[in-house]
Amino acid sequence: MPEVNVALVGYAFMGRAHSNAWRQVSRFFSPRLTPRLKVICGRDQANVKKAASQLGWEEWATDWREVVSRPDVDIVDVATPGDSHAEIAIAAAQAGKAILCEKPLANDVRAAKAMLKAVRKAGVTNMICHNYRRIPAVMLARELVASGKLGRIYHYRGTYLQDWPVDPSTPLYWRFQKEKSGSGALGDILSHSLDLGRFVLGSEVTEVAGALETFVKRRPLPEDPKRKGRVTVDDAALSLVRFANGAVGSIEGTRLATGRKNYNRFEVNGSRGSVAFNLERMNELEYYSREDDPKEQGFRQIMATEPSHAFFKAWWPAGHIIGYEHTFTHTIFDFLEAVAGRKRVKPDFEDGVRNQLVLEAIERAARTRRWVKVAEL
Ligand SMILES: NC(=O)c1ccc[n+]([C@@H]2O[C@H](COP(=O)([O-])OP(=O)(O)OC[C@H]3O[C@@H](n4cnc5c(N)ncnc54)[C@H](O)[C@@H]3O)[C@@H](O)[C@H]2O)c1
């Protein structure tokens with residue numbers, strides 16, 4: 001298969017997850033393009049050099065501008081904090097590269113829209129990394145909704161709960177600084193629950209109410225733990241939402257749900273049945289059908305690991321479960337296929353802007369304590 005050269009910007013958490021996926025994708029799937037891990041980029045020379053060798057990249061660099069304009073780079077993968085997504089992605093689009101970008105697309109609607117404009121103008125393949133869409137059990141939930149088996153959809157209930165900064169001595173990382181991250185739990189994790197709601201229901205959010213709260217207002221500075229700095233983002237974000245299909249929902253993201261590590265759960269209730277999913281048991285989908293014999297009705301647990309479930313044929317025999325890292329491999333496989341066919345792949349930058357419009361509406365609703373209509377794209 002023809003090779004494509006990939007440049008990855010960012011080498012920490014998502015940098016490692018994406019590197020693994022770029023390395024594995026051709027070993028388990030047969031994409032029409034074979035990715036070559038050409039160059040990884042970060043700001044710290046010693047660290048990026050180490051990352052290149054550990055994660056399997058041929059070269060390393062410290063200036064993303066030089067990297068995205070290299071004629072031998074075909075794909076740019078953006079895995080940096082939100083404040084740099086727009087600059088990097090717009091430069092990559094102008095240089096004609098296909099772009100995979102981490103979520104949230106940008107730190108505000110204006111930057112997200114500028115990114116969408118740039119990729120449309122350049123006509124390049126673009127994708128936002130909402131990797132949870134490509135979990136086989138989540139794809140089954142969407143199929144059940146689309147098939148009508150759940151009937152008319154009444155509720156979407158999404159919660160994304162973590163507790164990693166519950167200790168107030170957790171330093172003031174970039175994730176607590178609005179100018180770097182745009183928002184807190186809202187853009188970081190509620191954005192995933194929101195995207196899952198739009199994906200599983202196949203319907204847009206039209207109106208929201210919201211509440212944001214920052215409980216730990218000051219945290220130690222990473223470079224000088226004796227001094228503290230102000231937290232400028234939310235710890236917790238909650239929203240009531242209305243979907244275009246008439247369903248109502250609640251979406252919650254918090255980093256202070258003590259004891260919850262990565263509890264990304266949703267439930268959909270319809271007139272004929274319900275489904276429920278929890279990332280911490282990501283190979284399973286709970287399904288309830290009112291059509292079952294009344295004596296046998298109850299939630300049943302489907303192991304979404306059969307060859308007939310999405311992506312599973314490429315991995316293991318049924319019941320031999322997959323994990324977090326596979327979600328990125330699936331995402332990158334579909335992205336590569338889109339690049340090969342010069343086709344659109346979902347979720348793309350348009351989805352990124354749509355999500356950002358809802359996040360912005362939630363912020364406004366929280367500020368004004370009123371319901372807010374989500375702006376048109
Ligand atoms: N899809 C998911 O499930 C998921 C999970 C975690 C994070 N994310 C998203 O991924 C992105 C990165 O988060 P992370 O957890 O990997 O953060 P991180 O702090 O672990 O890593 C950030 C990386 O970006 C580099 N970097 C920062 N600013 C840079 C710049 N201006 N130029 C070049 N490199 C720069 C840092 O050196 C580091 O390598 C964020 O947008 C975040 O929201 C997505």
Side-chain angles (χ1 to χ4, degrees), residues 7-21 39-52 54-55 57 60-68 76-92 99-108 111-112 115 127-135 138 160 162 164-165 170-196 199 222 233 253 255 261-264 279 282 323-332 335 347 351-352 355-356 359:
L8 172 65
V9 192
Y11 55 80
F13 181 20
M14 282 306 105
R16 293 174 63 226
H18 289 213
S19 297
N20 177 63
V39 54
I40 187 165
C41 180
R43 292 162 306 175
D44 183 283
Q45 184 168 322
N47 286 341
V48 74
K49 207 170 157 183
K50 198 166 139 212
Q54 189 178 20
L55 301 175
W57 293 84
W60 54 268
T62 52
D63 178 4
W64 64 260
R65 283 186 178 78
E66 173 251 315
V67 164
V68 303
V76 172
D77 181 355
V78 185
T80 56
D83 62 331
S84 50
H85 290 183
E87 229 186 348
I88 300 172
I90 290 169
I99 307 163
L100 174 66
C101 183
E102 263 305 340
K103 47 51 61 180
L105 191 58
N107 280 357
D108 55 49
M115 293 167 78
M127 187 179 200
I128 178 172
C129 189
H130 276 295
N131 47 306
Y132 298 129
R133 284 192 181 204
R134 283 177 167 77
I135 294 171
V138 170
Y160 202 145
Q162 300 184 336
W164 59 270
T170 305
L172 191 76
Y173 297 129
W174 65 265
R175 282 187 159 83
F176 299 108
Q177 300 167 34
K178 193 170 175 61
E179 71 280 12
K180 300 249 171 66
S181 59
S183 64
L186 179 71
D188 189 13
I189 49 182
L190 184 147
S191 66
H192 275 306
S193 288
L194 163 67
D195 186 71
L196 282 173
F199 176 64
V233 299
R255 296 161 169 170
K261 302 302 166 183
N262 203 32
Y263 188 88
N264 175 6
L279 180 68
M282 63 170 267
Y324 178 66
E325 67 273 29
H326 298 78
T327 66
F328 295 96
T329 310
H330 300 166
T331 302
I332 277 172
F335 175 69
D351 289 286
N355 284 339
Q356 204 82 44
L359 299 183

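In listed order, ligands and their atoms are each counted from 1. Each residue takes its place number in the sequence, starting with 1.
With a 4.0 Å cut-off on non-hydrogen atoms, Glu102 touches ligand 1 through its side chain and not its backbone. At a heavy-atom cutoff of 4.0 Å, ligand 1 is contacted by the side chain of Asn131 but not by its backbone. Using a 4.0 Å cut-off between heavy atoms, Ala17 makes no contact with ligand 1 at all. Under 4.0 Å from ligand 1, the heavy atoms of Arg175 that appear belong solely to its side chain. At a heavy-atom cutoff of 4.0 Å, ligand 1 is contacted by no atom of Asp44, backbone or side chain. The proximity of Trp64 to ligand 1, defined as any non-hydrogen pair under 4.0 Å, is limited to the side chain.
Counting non-hydrogen atoms of neighbouring residues, nucleotides and ligands closer than 6.0 angstrom, the CD atom of Glu325 exceeds 12 such neighbours.
Nearest non-hydrogen protein atom to atom 30 (C) of ligand 1 is Arg43 CD, 3.6 Å. Looking only at heavy atoms of the protein, atom 22 (C) of ligand 1 is closest to Pro81 CD, 3.8 Å. At the top of the distance list for atom 39 (O) of ligand 1, counting protein heavy atoms only, stands Tyr11 N, 3.0 Å. The single protein non-hydrogen atom nearest to atom 8 (N) of ligand 1 is Met14 CG, 3.5 Å, given as residue, atom name and distance. Closest to atom 40 (C) of ligand 1 among all protein heavy atoms lies Thr80 O, 3.4 Å. At the shortest separation from atom 19 (O) of ligand 1 among protein heavy atoms lies Trp174 NE1, 2.8 Å. Scanning the protein heavy atoms around atom 42 (C) of ligand 1, the nearest turns out to be Lys103 O, 3.5 Å. The nearest heavy-atom contact from the protein to atom 21 (O) of ligand 1 is Ala12 CB, 3.1 Å.
At least one donor-acceptor pair closer than 3.5 Å links the side chain of Asn107 to the backbone N or O of Lys180. Side chain of His130 to main chain of His192: no donor-acceptor pair is present (N/O by atom type, distance under 3.5 Å, no hydrogens or angles). Looking at Gln45, its side chain never comes within 3.5 Å of a backbone N or O of Thr62 through a donor-acceptor pair. At distances below 3.5 Å, not a single donor-acceptor pair connects side-chain atoms of His330 with backbone N or O atoms of Thr327. Of the possible donor and acceptor atoms, one in the side chain of His85 sits under 3.5 Å from a partner among the backbone N and O of Pro104.
Residue His192 approaches ligand 1 through these ligand atoms, each under 4.0 Å from one of its heavy atoms: 1 (N), 2 (C), 3 (O). Within the listing of ligand 1, atoms 1 (N) sit less than 4.0 angstrom from a heavy atom of Cys129. Remark: ligand 1 atoms within the under-4.0 Å shell around heavy atoms of Gly10 are 23 (C), 24 (O), 39 (O).
Within the cation-pi definition used here (under 6.0 Å to the ring centroid, within 45° of the axis), Arg255 qualifies as a partner of Phe176.
Between Ile40 and Val48, the shortest heavy-atom contact is O-CG2, 3.7 Å. When every heavy atom of Asp188 is checked against every heavy atom of Arg175, the shortest pair comes out as OD2-NE, 3.6 Å. Across all their heavy atoms, Pro222 and Tyr173 have their closest contact at CG-N, 4.5 Å.
With a 4.5 Å cut-off on side-chain heavy atoms, Glu87 and Trp64 count as touching.
Evaluated by nearest non-hydrogen atom to atom 23 (C) of ligand 1, the leading choice among Ala106, Gly15, Ala79 is Ala79.
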